[in-house]
Each structure stands twice: as structure tokens, then as C-alpha cells.
4 protein chains.
Amino acid sequence: MARPSGRQPDIPAQVSRRAAGVEPRRRRAPAMDKAERRRAILAAALTVFSDHGFAGARLDDVARHAGVAKGTLYLHFADKEALFRGLVEQDIAPVLADADAVVGLFPGSTRDLIDRLIVLITQRVMGTPAEALVRLMIAEGPRFPELAAFYHREVVSRGLAIVRKIAQRGLDRGEITSDLAVRFPQLVISPAIVAVIWNGMFGAFDPLDAKAFLAAHRDLLLRGLGWRDM
Amino acid sequence: MARPSGRQPDIPAQVSRRAAGVEPRRRRAPAMDKAERRRAILAAALTVFSDHGFAGARLDDVARHAGVAKGTLYLHFADKEALFRGLVEQDIAPVLADADAVVGLFPGSTRDLIDRLIVLITQRVMGTPAEALVRLMIAEGPRFPELAAFYHREVVSRGLAIVRKIAQRGLDRGEITSDLAVRFPQLVISPAIVAVIWNGMFGAFDPLDAKAFLAAHRDLLLRGLGWRDM
Amino acid sequence: MARPSGRQPDIPAQVSRRAAGVEPRRRRAPAMDKAERRRAILAAALTVFSDHGFAGARLDDVARHAGVAKGTLYLHFADKEALFRGLVEQDIAPVLADADAVVGLFPGSTRDLIDRLIVLITQRVMGTPAEALVRLMIAEGPRFPELAAFYHREVVSRGLAIVRKIAQRGLDRGEITSDLAVRFPQLVISPAIVAVIWNGMFGAFDPLDAKAFLAAHRDLLLRGLGWRDM
Amino acid sequence: MARPSGRQPDIPAQVSRRAAGVEPRRRRAPAMDKAERRRAILAAALTVFSDHGFAGARLDDVARHAGVAKGTLYLHFADKEALFRGLVEQDIAPVLADADAVVGLFPGSTRDLIDRLIVLITQRVMGTPAEALVRLMIAEGPRFPELAAFYHREVVSRGLAIVRKIAQRGLDRGEITSDLAVRFPQLVISPAIVAVIWNGMFGAFDPLDAKAFLAAHRDLLLRGLGWRDM
DNA sequence: TATGAATGAGACTTCATTCAT
DNA sequence: CATGAATGAAGTCTCATTCAT
């Protein structure tokens, strides 16, 4: 078992190790530019993280899903956490930017604006990577304070700001009378969050119709805020 | 997975509290019987799983928190997953049973009833192991479908039934006019869920005052449901 | 290749992975007390480090040489560097302590004392683990400043102190007249160091007879220091 | 740091680093012919190997230090070991050739000759790449038997031959009477070796004044060899 | 020829699980 | 029953080497 401990002039380990591999290498992936590859990795990461959570995810799986070698991941992301961060940075900002734009330009009533946003959310979040990402953030956020702070700064506070803007707009236009939505914008968002969580956990056997659910919320909310049609 | 059915007494006061009598001093095991030890393990597990998630939790830590040896865990639970299952299956009933009782017996207005429930939730959930458990279920549920189903059956559906009962009671008493809360009881619960999540993620630097938040929700909700004081 | 990325209620990775292993475990190593096992690990480490250097050594090999599992190493040493440190701490002190004792008690002439120490060195260092360790320290020391400092403090400075004591003793007894060995005790040690290095590098094809070499050094040294027989 | 966020193909680190020289870089290979490039690589290799040892050295670092791409290394050296070999085989001759010439031509006394050599060593070795090389050989030699043999043949034996020549010259001139330095020329070299090692390991906190140390050695040595002024 | 992104074997380390005491 | 040292599979990350450009 034990190599005799005498001084044997053996070949340096590092060198001899590699020399053993004789089979031909697998063909290298064909041209794919950096951004494309990065996207592929992020897509794979979303799948794997979403299936197993952060700690449970294996970078091996991410690499396989992305169709790259393990080492390649590290050419794009410093480590597992950076990969996670990249995910949040990529998939959520666009939706928020769009929502912000919609709110800024929307000409109609607050009710119609809310409807518009519900459509935006159901189409751009529910059933998309963004939804999985929200779920992932909720699940892993508490364990990654820095990531949670980043998410709060980049996503949550901006989302709530949009809500406040809408609510204030409604007040200004005399459509609603209560400022509760300005003071507690989270109330407006809560059902969407819960819908995401619900379908993630129970969707398989007791799905929640997000569209109808959010519409009901809209009615309840507007009435609660003193809605009067104008 | 099937928990032996049947009602468990509310916080079963442990059978015999080391009834006055001669304690036969064994050299080995300290004074802690099997059930007691099991509870200690589950309590430790809640802490550790809640802090690190399922995959991130170390049984070493659970054992240390519980004050037992690592091997001892395996005398009570087949493996890490069984421990997690035991955790969720254990401390679920009490709060719900209480809530159910309150609703059944409550004499006052629906508004007061809701207030009563808010107090119940803020006092019996927020800041207690139950809150950690909710958070844990949200985080890990998607990865444990059977457990999610169990949770849905034992907790969520019962909780929503209570909500429905309250809403129906309000309708019956003519206090509210909308049946939205009957059709989408999740709307009523959403802010509480979000409050738990919020404080878990952002509590450190942007805490949400759950009491005020839920009170605002109550006002919005009641008005939205057509509340009229009677 | 890629698992379908849909939400499959698959068994948590962590659990299923282990479940695959079905073969019977290797029998556990029979009783061996902690100290004994620690010694076995250190002996193995000396062999492996000595053969491959610090960076080139594989803990896998250390474990195999020691006849323990890889994880067991970490029950005794925090990491690879701690293992290295343990090596230095264990194998060198005894020789120094012995040398110190010899010098303190020796009754004869300085020449005889030096002869005695040459015997000590050739017998207790040359061809023993201590020799490999000295070689190892010389090779790796520059890369491990803390270890070098420790080595300097625990080994080198103590060794030089012994040399100084001998030289001073010779001066006091009127056997030698130069204080160069007090001022540069490293001069006295150098040939021993070089003998160790030499035989490590060239011993296989051009061995240096350490005994004769050190005896020559003794003669040269004593004459250089003004030796006069008394 | 404030790189404009435009869509400029971002500048490879490699190039930008070199940009220290202000002149605009041509797109392709700078004016550097094969031999020049090879020398640059070897110089870089000396630095890196010397800092980290063979196994610990990263070819990435070597490439960066040399200002070439990693792949380029392989156009000049078959693999890591070949690079190491090339390193040792390269810058060996000069110092020895010089030393040899000095000895052959020197007109003065042996004492003065030795002084001359001390100057040569302290100036041409200490603090130069050659010193790093000696240290490197000492550290890695045992792991590269062939290289050690080469080193022995090309450096050590030639160095010792020079020492023997000096000693014999002293005997012939009647300046010394002992032939110990002819029989054990390593004795003459030892302190220089130890000085190199010492300062490599302990130089940071307990530096050894090589000049004074070697002068003391010279005195001790000459007297030990029976020096008499003529 | 030079490049450097890609590769993948293999390093160190962790930790769920087992079992001799 | 309880213990905790031991196990070893599997994880993340590194880096010598290759090869399409």
C-alpha cells in the first residue's frame, strides 16, 4: 500500500499526472461570443438554482446545462455567489424599467393603469425566469444579506417607488382618497408576491389563477382606497 | 409521511414532569427522556434549518444546539430529510387551533374579530418559531413537494378556511357586501406573508412595522369589502 | 443530456445522491488512540511532503500512507498548513533538547564536546525524519513566513544559542582564543546544513560522507578559532 | 476605472497593462524576436518559480510577467517542467566563468584572492537572479533528479573545482599548510550557501550581513588552513 | 506566429452517515 | 441507548494544457 519511503527519483507528480490522459479531447464548443456564452450560463444557473436552491445547486449541473466545461463558469463569474448575483442583475431590471416607463407615460385612468401593470406582471413575470428568480430571492435572500440589500436597492425600492407614483397620481387626479397605498405600498404588491409563492409551492395540485386573483385584488384595493369613477 | 391523525391537545403539557419520586440516577443518560430529547432536537433543527436552509444546515450544528451527539439524531430521525419533515409536521397545529377557536366563539364585530386575529398573528407568529417555520416552508417548499402538500393540507387550507369563515360571517351579519374574501381568501393573508418575508430579508436595515402594516391592511380590506359599521 | 428544466418534484439532490451508494462500507480502522493516529498521520505527512514539497503534496496520499480516510486528517489538523506545522513542531524539538542537555552536562574538552555533538547530529538527524524536515523547511520556508518565523524561534535561535554556549565555554576554558563563533555561530552550523542539502540533492550519485566532512570542519574550525590542546 | 460604457470591444487586460509605456501599441506582436521573447519568459519564470516554487507557480503569472499570452509559453517550452529546466540551464554560466577567469589571472595573495571572490559572490549573486536560482535549486532539486545532476555537473562541480584550484594555489605558494580545503571544498562554500538560505527565510526579521559573515568565514578559514602571511 | 478562452482532471475541504465503544 | 471519531462521496474552485481564431 504505502510507497516505500526511500528517496526515489520519481517524476514530479504534477507532470506525470497529466501525462496519463491519452484519450483525444472532446471537441471544443464552436464559436460563441462572450455575451452569448454568459447568457447561456445564466440561463442554466437559473434552472439549477431554481430547482435546488443556492446551497443545493451544483455548479457541475450548471455547466452541463449551459453546455460548457466547469472551468468556463469561472471565466465569467468569480464564484457561485457572483453567479447568483448575475442572475438577479440580469433578469429583473428590464421588467422594472418597463413598468416605470409605462407608469410615466400612461394617459388613462388609474384603474386602467393598474390593469396595464397586471398584464405586464402576468406576462413578463409569471411563468418566466423572473418569477423563478423572485421565488429564489425570497428563499435565499435571508441567507445572503448583501444580495438582499442589493435586491432591496435595485428591485424592491424601485418597485415600491413605482407603486407610490401610481398611488399619488390617483390621489392627484381625485380618483382615490386614501393615502394608504402611498404609506404602505407593500400592500399593493403583496398579492403578486403571494401568487408567485403559491404557484411555486402548490401550483401543481392547487394552482392559483394569477390573473383573476390580481384582478380581484385590484377591485378590492381600489374600493378600499376610495375609488370613484370619474 | 402520514402523521397519525387525531387531535392533539393544545401544546400537550408534557405527560409527566418528572413526577415527584425517586429519579434512578443512571450513570449514562442525563435526565431527558425520549420525547423530551426529540423535542430538543426539533427545536434545534428549527433554528439551524431556519438560519441556513435545508441544504445549508449542518447536522453537526443541530446536534450541538440540541445538546446531543450527532449519532443521537439518527436514533430519532432516519436522516436529514426526515428531520426536516418532523420539524414541519410538529409545531403546526397550535396556532391554527387557537385561531379556529377564536373565530368560532368570537362575539363581536368582524372588525374586532380581525383585530383580534392580527394580535394573534403578530404575537403568536411574528418573532416566534412559527415565523421561522413559515419562512422555511416558503424557501424549501418547492423542493419538497410532499411536504408542501402536507403543509397545504394541514396549514394553508385550514388557515384559508378560517378566513372564509370570517368573511362569510361578515357577509351574514351584513357587515360587508363583497364576497371577494370568500373567493380569494389569500388576499386577506397576503400582507401577513409579505410582512414575514420582508422582515426576514430587509428587517435589518428597513424593518416593516408589522402591526401598523396589518392595521392598514385591515382598513383597506374592510373598506374594500364594503364595510359598514352597524 | 440536460435534464428537462421543468419543475419536477425530484428528490432533494442531497439525499438522493447518497442513496445511490449501496456497496458495503470498508471496515473501519480498529482501535487506535488519538495520539497514535496523530503520529501516524504526521509520519505519513513527512513522507509525502518530503517527496513532493508542500504545494505538490496531496492530502489524499497522506491519508493513504497513514491508513486513514481523507476526512480523518481534518479531525487532527485544521488544514494542509496546520499539518505542515505539526510536523515541524513534533520532530525537531527533541533533538535540540537533547543537544542542549549534552552541552550543559558535558565534562570534557570542547573538542570532545564537538565530537559528541557531531555524533548526535549524524545519528539523530542524518538519515532520519528530522533531516527530511530540515530539508523541507529550507525548501518551503521562504514561502511560509509564519512557519519560518516559528522555525527561527523554536529551532534556529535555540540551536545557535547552544553553539554560542559551547564557544563561550571554550573561550572560558582557554581552549580557543577567537570569539568569531560567538559572533557568527552560523559559521559553525553551515557545513551541517550543507551536508543535509548536498545529500538531498546529489546523494544518489555523489554522496558526501557527513561524518568525515563534519570532522574536517571541526578541525578547521578549532584551528581557526585558535585551538590549543590543554 | 471609469471606462466609458460604450460598446468598445474592451481592451484585454494584457494590453492595457503594458500600456504603461505611452507609445501606441501595434495590433500584433511587438518588436521582439524569438530569442528575446524566450529570455523574457525565462526571466519571468525565475521570478515566479522563485516566489512560489515549482508546484506553486502558475504559468498564468509567468505569462503575465513576461508580457505574453499563456499559449505563447508553449511555443517556447514543451511544458511547465521544460520551462523550469530551461530556467536552470540558462543563466548559469556567466558568474562561474567570471569566477574562473579571476582565479586564473589573479596575481596577489590567496587572502586577497578570497576577498576578491567574496566581493564577486556578494555582488554577483546576493540579491540577483542567481541567488534566487540557487535557492530554487535547493528547494526543488530533490524533486528533479536530472536537473540536480545537471546542476551538479554544470555548476557545483565547476564551482568546487575553482575552490580546489584556489586552495592548491595557496598550498603551492606556501600560504597555507592544510589540504582540507582541497579535500572538502564544500567547507569553503558552506557559509555562502547558508547566507543565501538564511536571508531567504529569515532576512525579513533577522537579516544576516553577508559581507561581514563571509569575511569572518575567510578569517576563520585561512587561520584554520594554517595561513601565514608571506 | 500569437492569442487567450475553453477544457477537465484533480486539488482541498465539508459533512451526512455509520458503528465500535 | 448514547456517543463522537471515522468515513468517503461530493462539493467548489484552480490551473496546466489545448486549439480555433
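Labels below follow one simple rule: chain letters A, B, ... track the order of the sequence lines, proteins then strands, and each chain is numbered from 1.
If you find the closest nucleotide of DNA chain E to D/Thr72 and to A/Leu73, the one lying nearer the 5' end belongs to D/Thr72. For the pair A/Ala69 and C/Leu59, both in contact range of DNA chain E, the more 5′-proximal nearest nucleotide belongs to A/Ala69.
Using modelled atom types, one side-chain atom of A/His65 and one backbone atom of A/Asp61 make a donor-acceptor pair closer than 3.5 Å. A donor-acceptor pair under 3.5 Å links the side-chain atoms of D/Lys80 to the main chain of D/Ala57, judged by distance alone. No donor-acceptor pair under 3.5 Å is formed between the side chain of A/Lys70 and the backbone N or O of A/Arg64.
Contact between the side-chain N/O atoms of A/His76 and the OP1/OP2 oxygens of E/dA6 is found at a separation under 4.0 Å.
Side chain of D/Lys70, nearest nucleotide from E/dA2, E/dT14, E/dA6: E/dA6. Nearest to the side-chain atoms of A/Tyr74 among the listed nucleotides F/dT12, E/dT14, E/dT3 stands F/dT12. Nearest to the side chain of C/Asp79, among E/dG8, E/dT13, F/dA10, sits E/dT13. Checking E/dA11, F/dT7, F/dT3 against every side-chain atom of B/Arg37, the shortest atom distance belongs to F/dT3.
The CZ atom of D/Phe54 sits 9 Å away from the P atom of F/dA16 (whole-angstrom rounding). Put simply, CG on C/Asp60 is 15 Å from C1' on E/dT14, counting in whole angstrom units. Rounded to an integer number of Å, the gap from CZ of B/Phe77 to P of E/dA16 is 15 Å. Atom pair A/Leu83:CG and F/dC13:C1' shows a separation of 13 Å (rounding to whole Å applied). One atom, CD1 of B/Ile41, and another, P of F/dC1, lie 12 Å apart when rounded to the nearest Å. Rounded to whole Å, atom C1' of E/dA16 lies 13 Å from atom CG of B/Asp61. Atom CD of A/Glu36 is separated from atom P of E/dA5 by 16 Å (rounded to the nearest Å). Straight-line distance from the CZ atom of B/Arg58 to the C1' atom of F/dG11: 14 Å, rounded to whole Å.
When heavy atoms are screened at a 4.0 angstrom cut-off, C/Leu75 is found touching base atoms of the nucleic acid. Heavy atoms of B/Ala78 sit nowhere under 4.0 angstrom from any nucleic acid atom. Residue contacts shown for C/Lys80 are limited to sugar-phosphate atoms, with no base heavy atom under 4.0 Å away.
Stem analysis of DNA chain E (Watson-Crick or G-U pairs, both distances under 3.5 Å, runs of at least three) returns E:2-21 with F:2-21.
Of all heavy-atom pairs spanning A/Leu42 and A/Leu87, the tightest one is O-CD1, 3.2 Å.
In this structure D/Arg85 satisfies the side chain to side chain contact (heavy atoms under 4.5 Å, CB included) test together with D/Glu81, D/Ala82, D/Glu89, D/Leu147, sequence neighbours excluded.
Looking only at side-chain heavy atoms (C-beta outward), C/Val62 and C/Arg58 stay at 4.5 Å or farther from each other.
Salt bridge present: C/Glu140 and C/Arg143 bring a charged side-chain N and a carboxylate O closer than 4.0 Å.
Proximity of the aromatic rings of D/Phe54 and D/Phe144 is defined here by a centroid distance below 6.0 angstrom, and this criterion is met.
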